[in-house]
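Data first, discussion second: the structure below is written as structure tokens.
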Amino acid sequence: MSPNEGAPNPTEISERDRRFMALAQAAAEKARAAGEVPVGAVLVRGDEVIATGFNHPIGGHDPSAHAEMVALRAAAQALANYRLPGCELYVTLEPCLMCAGAIMHARIARVVFGAYDPKTGACGSVVDAFANLQLNHHTSVTGGVLEDECGQALKSFFADRRRAIRAARVAEAEAARTHGPTEPV
């Protein structure tokens, strides 16, 4: 599947999907503020927000602390049930395979994501976990909602990170040039 195949036409995106994706984008900004990759998620039932989450695997020393996983855990606690039927998950980046598995196990009815992930996306970009008819639960997926905005947040984060790394290297080289090589501690 091409990254934009199945993406909604921007004029076809519902106001409801825009509203909840904007909340996921706000959660993603919390991840950015914490120095994490800016991915945010919001889990809703009907028009009620049940839980939000944002990426923090680095700060939490937890490889499973993706935005989706955080939102799923919080929603399960809030509803006192590990199954979340009738709920929808809005996330700014296409879920990975780990998150897709958790989404299916939680019985999420629908996933709506913003930017496609050509490296780890499990909703069609790399694999399509949700298209496997042998699985006993099926989640509908809508990709590309506010795709440009969600993708730009990620691109700017990584561009800023690359600039900071280059600046640190330049500063280190300048310090070594003016003060000589540093001694290992």
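Small disclaimer: the values here were computed from a predicted structure and weren't measured. These numbers come from the heavy atoms of this one structure, side chains and all, not from hydrogens, waters or symmetry mates.
- Residues A27 and G53 approach most closely at CB-O, 3.5 Å, considering heavy atoms.
- T139 places a side-chain N or O within donor-acceptor distance of the main-chain N or O of I108, the cut-off being under 3.5 Å.
- Scored by the side-chain contact (heavy atoms from CB on, under 4.5 Å) test, A41 finds A67, A71, L89, V91 as partners (sequence neighbours excluded).
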Kindly determine whether I13 and M21 satisfy side chain to side chain contact (heavy atoms under 4.5 Å, CB included), including the steps that lead there.
CA-CA 11 Å; I13 298 170; M21 188 59 72; over 6 Å; no
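- For the atom pair I58 CD1 and E36 CD, the distance stands at 4.5 Å (nearest 0.5 Å).
- Residues L154 and P38 meet the side-chain proximity criterion, which asks for heavy atoms closer than 4.5 Å.
- Listed for the T92 side chain is no donor-acceptor partner under 3.5 Å among the backbone atoms of Q25.
- Sorted by first then second residue, the side-chain hydrogen bond (donor to acceptor under 3.5 Å, both in side chains) pairs that include residues 150-161, not counting sequence neighbours, are R32-S156, D160-R163.
- Side-chain contact between D47 and R19: present, with at least one pair of heavy atoms (C-beta onward) separated by less than 4.5 Å.
- Hydrophobic clustering keeps F20 apart from V70 (ILVMFWY residues linked when any side-chain heavy atoms are closer than 4.5 Å, directly or through intermediates).
- The nearest pair of heavy atoms linking V37 to A31 is O-CB, 3.5 Å.
- How far NZ of K30 is from OG1 of T52: 5.5 Å, rounded to the nearest 0.5 Å.
- Counting heavy-atom neighbours within 6.0 Å of R45 CZ, excluding the residue itself, gives a total of 12 or less.
- To the nearest 0.5 Å, atoms CD (E94) and CD (E147) are separated by 10.0 Å.
- The side chain to side chain donor-acceptor pair (under 3.5 Å) test applied to E68 returns no partner, not counting sequence neighbours.
- Residue pairs meeting the ring pair (Phe, Tyr, Trp, His ring centres under 6.0 Å) criterion with at least one partner in residues 124-170, sequence neighbours excluded, are absent.
- Cluster note: M98 groups with M69 through ILVMFWY side-chain heavy atoms spaced under 4.5 Å, whether in direct contact or through intervening members.
- With sequence neighbours excluded, the residues satisfying side-chain contact (heavy atoms from CB on, under 4.5 Å) with A75 are L43, I50, A51, L84.
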How far apart are the C-alpha atoms of L72 and H105, what are their side-chain angles, what is the distance that settles it, and do they pass the side chain to side chain contact (heavy atoms under 4.5 Å, CB included) test?
CA-CA 10 Å; L72 288 170; H105 283 290; over 6 Å; no
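- What you find for A24 and V42 is that their closest heavy atoms are N-CG2, 3.4 Å.
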Pair up each side-chain donor or acceptor in residues 164-174 with any protein partner under 3.5 Å, not counting sequence neighbours, and list the distances.
{"unit_1": "E174", "atom_1": "OE1", "unit_2": "R177", "atom_2": "NE", "d": "3.3"}
{"unit_1": "E174", "atom_1": "OE1", "unit_2": "R177", "atom_2": "NH2", "d": "3.2"}
{"unit_1": "E174", "atom_1": "OE2", "unit_2": "R177", "atom_2": "NH2", "d": "2.7"}

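- The minimum heavy-atom distance linking A115 with C150 is given by the pair N-CB, 3.8 Å.
- Partners of D62 according to the side chain to side chain donor-acceptor pair (under 3.5 Å) rule, which considers only residues two or more places apart in sequence or in another chain, are S64.
- In this structure T120 satisfies the side chain to side chain donor-acceptor pair (under 3.5 Å) test together with D117, sequence neighbours excluded.
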What do the steps show when you test L23 against Y90 for side chain to side chain contact (heavy atoms under 4.5 Å, CB included), and what is the final call?
CA-CA 9 Å; L23 294 176; Y90 289 80; over 6 Å; no
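- Annotation: side-chain hydrogen bond (donor to acceptor under 3.5 Å, both in side chains) contacts involving residues 75-88, sequence neighbours excluded, comprise R16-E88, E88-R110.
- Think of L97 as one node in a network of Ile, Leu, Val, Met, Phe, Trp and Tyr side chains linked at under 4.5 Å; its network also takes in V126, V127.
- Sorted by first and then second residue, the ring pair (Phe, Tyr, Trp, His ring centres under 6.0 Å) pairs with a member in residues 22-73 read F54-H56; sequence neighbours excluded.
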